[in-house]
Protein chains: 2
Amino acid sequence: MTLERLKHLSVELSAQETVLSGRILPAAHIFQREDVTAFEAVVYNPVICLILQGRKEMTVGDQFVSLAEGDALLVSHDLPVTSRITDASAEAPYRALIFSLDVSILRSLYEQVGEAVTEAHDATSLAASAADPAWTEPMVRYLELMDAPLDAQVLGPMILKEIHYRLLLSPIGGMLRKLLSVDSHASRIAKSIQRIRASFREPLAVGDLAQAAGMSQSSFHEHFKSVTGTTPLQYQKDLRMIEARTLLERGIPSVSVAGFEVGYESPTHFSRDYSRKFGCSPKHHLARAS
Amino acid sequence: MTLERLKHLSVELSAQETVLSGRILPAAHIFQREDVTAFEAVVYNPVICLILQGRKEMTVGDQFVSLAEGDALLVSHDLPVTSRITDASAEAPYRALIFSLDVSILRSLYEQVGEAVTEAHDATSLAASAADPAWTEPMVRYLELMDAPLDAQVLGPMILKEIHYRLLLSPIGGMLRKLLSVDSHASRIAKSIQRIRASFREPLAVGDLAQAAGMSQSSFHEHFKSVTGTTPLQYQKDLRMIEARTLLERGIPSVSVAGFEVGYESPTHFSRDYSRKFGCSPKHHLARAS
DNA sequence: ATCCGTCCTGCCAAATTCTCCGACACATCT
DNA sequence: AGATGTGTCGGAGAATTTGGCAGGACGGAT
């Protein structure tokens with residue numbers, strides 16, 4: 001079974017990873033943890049994540065996903081998620097195989113595939129499903145290149161392309177297809193998302209975004225939510241909070257400055273929002289460099 | 001262990017229940033199911049529910065609770081929840097012991113206990129915890145009365161009062177105490193809830209409610225949410241939807257009429273909201289009497 | 001101990017976002 | 001044809017955000 005093979009390969013790969021595999025197989029990455037974690041908030045990039053061992057839970061907006069061994073998670077676009085590992089130990093660490101997705105590859109493939117694909121109607125930005133040999137099999141072939149740098153250099157990109165292709169056509173690829181389809185609602189929302197990400201420190205003008213996307217405000221909100229799982233402002237706030245947290249942990253002088261840095265004018269309010277998001281006050285995350 | 005004793009007693013009680021136990025032990029009720037259910041929406045009354053066997057999950061507003069054997073759930077006031085039984089079979093049915101709570105008893109006790117109680121700060125309307133002998137022990141004594149009708153008539157109310165007393169002082173009783181404390185925010189919200197329940201078919205005037213509760217709109221929303229887990233309008237909508245569903249299942253002539261009955265003017269919109277809430281269109285729930 | 005600055009929590013009003021809700025058009029089903 | 005379901009929109013109003021201000025907690029410094 002290909003899943004077993006992948007587990008085996010990933011152990012091998014993670015043994016080498018510190019050295020140079022990053023250069024040989026740039027798209028694959030093994031993530032490993034030996035203990036359970038509390039909820040952590042991060043921003044995901046487009047990625048497919050296959051759980052090889054352990055368990056993980058995640059929340060984005062209102063939806064909740066639970067992943068076990070053999071499950072895979074397809075993230076179609078940048079998304080602030082909150083996740084934790086719920087099953088991991090020194091003997092059986094949590095281990096996941098992560099493939100970064102390259103949107104330009106997807107786009108070029110989509111142009112070839114074109115409209116020949118049926119539209120999933122309930123596509124979500126966070127699609128989970130059991131691993132499918134259609135794309136795990138090329139993943140195996142990709143990982144097998146780790147010991148043959150020259151092969152990897154030539155064949156690697158080809159196999160990568162195949163993986164993208166399989167994902168694009170797979171049942172969980174619904175959101176990918178929507179995002180790529182030119183001028184679909186989803187793709188226009190994707191543009192809005194990029195705009196928010198580019199300037200999340202500035203105040204948000206939802207009206208402008210809606211107009212730029214060519215929708216009424218109500219439609220814009222609806223589509224935005226269906227793509228991201230949250231509202232525009234929430235999305236921005238999540239970005240701000242995650243940024244604030246890294247600032248604090250990196251040892252920014254004070255809480256107020258951190259709040260100001262990410263776009264809050266009122267430290268009071270920043271503190272309140274922060275506590276709501278992370279469950280404890282910003283001061284607790286401030287690096288104890290002093 | 002008292003939990004084992006309760007299990008035993010509840011099996012006995014449920015064997016008799018059809019006959020007359022309802023009159024002998026009016027406050028206790030055994031709920032039993034031999035199979036797993038899909039999510040169902042109902043309105044809970046104030047109640048303490050102790051899981052004797054099986055598992056249950058529930059959602060109210062944004063919080064999510066998972067209950068296993070030996071867990072108890074304290075519902076402090078009327079609340080529209082969505083729940084399902086996730087672990088039940090013919091051999092090991094889901095079984096729960098349910099005690100209705102009597103607010104007037106609680107109130108009279110609270111007057112005696114008065115301020116001698118420490119306030120829990122994170123009180124929620126749906127408090128879950130492991131069963132505590134402090135109140136399971138009197139529950140045992142209550143159930144043991146089932147074979148002695150005369151004893152039950154005299155001692156029953158006393159023991160009930162004791163159960164209420166223990167719950168009121170227990171760690172999970174935080175919300176109960178808040179609700180009872182005269183003129184606390186929680187108690188004023190409770191009044192608003194009653195007003196919504198009494199006239200959920202009419203359009204909602206949140207401003208009036210806030211004013212009646214003597215708070216600013218923002219404070220009102222905040223407190224309302226902390227007590228109920230949702231916003232006033234959501235709360236009303238949940239009531240409407242649950243009512244609509246029973247109407248449909250009872251065989252109301254048409255979908256439009258059902259929508260109109262619960263306060264919607266536009267059948268179009270009613271249909272959409274209904275699908276969002278229950279996952280399938282109102283027509284599917286319309287009794288197939290035709 | 002007393003002061004002082006920083007941070008946290010409660011409350012509010014104004015502003016903005018977001019959702020509701022009815023309207024209409026159109027596809028579907030029976 | 002009639003009833004129902006889905007997409008879109010505009011306007012109303014519900015809900016949240018935001019910043020301000022007051023009061024309290026905490027932790028150094030003096």
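Computed from heavy atoms alone, side chains included, the values below leave out hydrogens, waters and symmetry copies. Within every chain, numbering begins at 1; the chains are lettered A, B, ... in the order of the sequence lines, protein sequences first and strands thereafter.
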*So, for A:Phe260 and A:Tyr264, is the gap between ring centers shorter than 6.0 Å?*
no
*Which class fits the ring pair A:Phe64 and B:Phe64: parallel under 30°, tilted 30 to 60°, perpendicular over 60°?*
parallel
*Round to the nearest Å and state the distance from B:Phe260 atom CZ to D:dA3 atom P.*
16 Å
*Is there a side-chain polar atom (N or O) of B:Thr231 under 4.0 Å from OP1 or OP2 of D:dA14?*
no
*Does B:Ser271 make a side-chain N or O approach to OP1 or OP2 of D:dG5 shorter than 4.0 Å?*
yes
*Atom-to-atom span, NZ of A:Lys283 to P of D:dC26 - whole angstrom*: 11 Å
*Polar contact flag, side-chain donor to acceptor under 3.5 angstrom, B:Ser281-B:His284*: yes
*Verify side chain to side chain donor-acceptor pair (under 3.5 Å) between A:His285 and A:Tyr274, making sure each step is shown before the conclusion.*
CA-CA 10 Å; A:His285 288 160; A:Tyr274 192 95; 2.6 Å; yes
*Nearest whole angstrom, please: distance from the P of C:dA15 to the CD of A:Glu265.*
16 Å
*Nucleic acid contacts of residues 202-226 of chain B, taken as heavy-atom distances under 4.0 Å to DNA chain C*: B:Ser216, B:Ser218, B:Ser219, B:His223
*Kindly give the heavy-atom pair with the smallest separation between A:Val255 and A:Phe270, and that separation in Å.*
O-CE2, 3.7 Å
*Under a 4.5 Å cut-off applied to non-hydrogen side-chain atoms, are B:Ile193 and B:Phe224 in contact?*
yes
*Does any non-hydrogen side-chain atom of B:Lys191 lie less than 4.5 Å from one of B:Gln194?*
no
*Any Lys/Arg nitrogen of A:Arg107 or A:Glu111 sitting under 4.0 Å from an Asp/Glu carboxylate oxygen of the other?*
no
*Salt bridge B:Asp238-B:Lys277, side-chain N to carboxylate O under 4.0 Å*: yes
*Please tell me if the side chains of B:His185 and B:Met215 come closer than 4.5 Å, counting only heavy atoms from C-beta onward.*
yes
*asked:* Is there a side-chain contact between A:Ser256 and the phosphate of C:dC7, meaning an N or O under 4.0 Å from OP1 or OP2?
replied: yes
*Would you kindly give the CZ-to-P distance between B:Phe270 and D:dT4, to the nearest whole Å?*
10 Å
*Select base, sugar-phosphate, or nothing to describe what A:Ser275 touches, counting heavy atoms under 4.0 Å on all strands.*
sugar-phosphate
_Pairwise 5' ranking along DNA chain D for A:Pro267 and B:Ser254, keeping only the more 5' one_ = B:Ser254
*Measure from the side-chain N and O atoms of B:Ser184 to the backbone N and O of B:Lys178, and report whether any donor-acceptor pair falls under 3.5 Å.*
yes
*Would you mind reading off the distance between B:Arg276 atom CZ and D:dT6 atom C1', rounded to a whole angstrom?*
11 Å
*Between B:Ser281 and D:dG5, does any side-chain N or O lie under 4.0 Å from OP1 or OP2?*
yes
*Rounding to a whole Å, what distance do you find between A:Phe278:CZ and C:dC8:C1'?*
17 Å
*asked:* If I take atom OH in residue B:Tyr264 and atom C1' in nucleotide C:dT19, what distance separates them, rounded to the nearest angstrom?
replied: 11 Å
*Note: A:Arg240-A:Asp273 ion pair, threshold 4.0 Å (strictly below)*: no
*In residues 232-242 of chain B, which ones come under 4.0 Å of DNA chain D, going by heavy atoms?*
B:Pro232, B:Leu233, B:Gln234
_No-H, no-angle donor-acceptor pair, B:Arg272 side chain to D:dT8 base, under 3.5 Å_ = yes
*Which residue lies toward the 5' end of DNA chain D, B:Val257 or A:His269, if each is placed at its nearest nucleotide?*
B:Val257
*Rounding to 10 degrees, work out the angle separating the end axes of the helix from C:dA1-D:dT30 to C:dT30-D:dA1 (five pairs an end).*
40°
